[in-house]
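Below you'll find the structure, written out as structure tokens, and then a few comments.
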Amino acid sequence: MPQGQPDSVPDDGLTTRQRRNRPLLMVHTGTGKGKSTAAFGTALRAWNQGWSVGVFQFVKSAKWKVGEENALKVLGASGEGGSVTWHKMGEGWSWVQRDDQSDNEAKAREGWEQVKRDLAAETYRLYVLDEFAYPLHWGWIDTDEVVEVLRSRPGTQHVVITGRNAPAALLEAADLVTEMTKVKHPMDAGQKGQRGIEW
């Protein structure tokens, strides 16, 4: 385990071990590639520890097959690590903007209601809320409610949220925030996404 020294030790009455095992709220945001990829890497670590993992994809269409989904489902069914459950909430609305978004907004809200039920029941040890920053940014789901629910979640449930434009209130509430910045991308030179890299 890394042996880094913290910048400061809070006067919270917790032991080092208690503080180390606190459940974390993590946010991966920014315009660069790799936000979901990093979250799924965390899911692999959680699976290896025997944790139950719940993935909630808020923007990818049910038709969109990402490589991580198949890999994590196979691992979850292997019986060697933790269980993995995969939920798809949207119809791809972050990438294809249509005039009427009401159906997609309703699906995002339904997805958030399911996450709230699972948090209350302590269904998973790790939640990956993939692309969840989008419905927050668009105002489809109330950020203040999300922050309150996540702050008061019971047990030792870790949550990772991905997506561009994560609201400031979410970033303030998070324990870990990583901003992916784009320096260079093949799409800038007209190259489209490819198998094994983007999916």
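Please read these numbers as outputs of a predicted model, since none were measured by experiment.
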State which residues pass side-chain contact (heavy atoms from CB on, under 4.5 Å) with [X]; sequence neighbours excluded, sorted by chain then number.
{"X": "Ala133", "value": "Ala166"}
{"X": "Asn48", "value": "none"}
{"X": "Glu172", "value": "none"}
{"X": "Met180", "value": "Lys35, Ala38, Thr178"}

Could you tell me which residues satisfy salt bridge (Lys or Arg N to Asp or Glu O under 4.0 Å) with [X], sequence neighbours excluded, listed by chain and number?
{"X": "Asp11", "result": "none"}
{"X": "Lys116", "result": "Glu113, Glu145"}
{"X": "Arg22", "result": "Asp175"}

Where [X] and [Y] come nearest, the two heavy atoms and their spacing:
{"X": "Ala108", "Y": "Trp140", "answer": "CB-CE3, 4.0 Å"}
{"X": "Val53", "Y": "Ala46", "answer": "CG2-CB, 3.9 Å"}
{"X": "Ala43", "Y": "Leu126", "answer": "CA-CD2, 3.5 Å"}
{"X": "Val147", "Y": "Ala173", "answer": "CG1-CB, 3.7 Å"}
{"X": "Lys33", "Y": "Ile197", "answer": "NZ-O, 3.4 Å"}

May I have the step-by-step check of side chain to side chain contact (heavy atoms under 4.5 Å, CB included) for Val115 and Phe132, ending in yes or no?
CA-CA 11 Å; Val115 171; Phe132 189 52; over 6 Å; no
Distance-only donor-acceptor hits, side chain of residues 74-84, under 3.5 Å, sequence neighbours excluded:
{"unit_1": "Ser78", "atom_1": "OG", "unit_2": "Leu75", "atom_2": "O", "d": "2.6"}
{"unit_1": "Ser78", "atom_1": "OG", "unit_2": "Glu80", "atom_2": "N", "d": "3.2"}

Once you round to the nearest 0.5 Å, how far does [atom1] of [X] lie from [atom2] of [Y]?
{"X": "Asn104", "Y": "Trp138", "atom1": "CG", "atom2": "CH2", "result": "8.5 Å"}
{"X": "Thr42", "Y": "Leu176", "atom1": "OG1", "atom2": "CG", "result": "8.5 Å"}
{"X": "Glu131", "Y": "Ile161", "atom1": "CD", "atom2": "CD1", "result": "12.0 Å"}
{"X": "Arg109", "Y": "Asp142", "atom1": "CZ", "atom2": "CG", "result": "9.5 Å"}

Please enumerate all residues that pass ring-ring contact (aromatic ring centres under 6.0 Å, His included) together with His87, with sequence neighbours excluded.
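Partners of His87 by the ring-ring contact (aromatic ring centres under 6.0 Å, His included) criterion, ordered by chain and then number, come out as Phe56.
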Strictly by ring-ring contact (aromatic ring centres under 6.0 Å, His included), give each pair with a member in residues 22-44 just once, sequence neighbours left out.
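Matches after skipping sequence neighbours: Phe40-Trp86.
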Expected output: side-chain Thr31 to main-chain Thr181 donor-acceptor under 3.5 Å:
no
Decide side chain to side chain contact (heavy atoms under 4.5 Å, CB included) for Leu72 and Leu44; before the verdict, give the C-alpha distance in whole Å, the side-chain angles of both, and the deciding distance to 0.1 Å.
CA-CA 7 Å; Leu72 282 165; Leu44 285 172; 3.6 Å; yes
Other residues, nucleotides, ligands: >12 heavy atoms within 6.0 Å of Arg117 CZ
yes
Just do the side chain to side chain contact (heavy atoms under 4.5 Å, CB included) check on Ile141 and Val146 with the steps written out, would you?
CA-CA 8 Å; Ile141 298 170; Val146 169; 3.7 Å; yes
Heavy atoms, side chains only, cut-off 4.5 Å: are Leu136 and Asn165 in contact?
no
Counterpart residues, side chain to side chain donor-acceptor pair (under 3.5 Å), relative to Thr123 (two or more places apart):
Asp118
Decide yes or no on side chain to side chain contact (heavy atoms under 4.5 Å, CB included) for Val177 and Leu170, but give the supporting numbers first.
CA-CA 10 Å; Val177 176; Leu170 179 65; over 6 Å; no
Under the side-chain contact (heavy atoms from CB on, under 4.5 Å) test against Ser36, which residue among Asp130, Val160, Val128 passes?
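Only one option passes, and that is Asp130.
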Sort and list the pairs that fulfil side chain to side chain donor-acceptor pair (under 3.5 Å) and have at least one residue in residues 151-160, not counting sequence neighbours.
Arg125-Thr156, Tyr127-Gln157
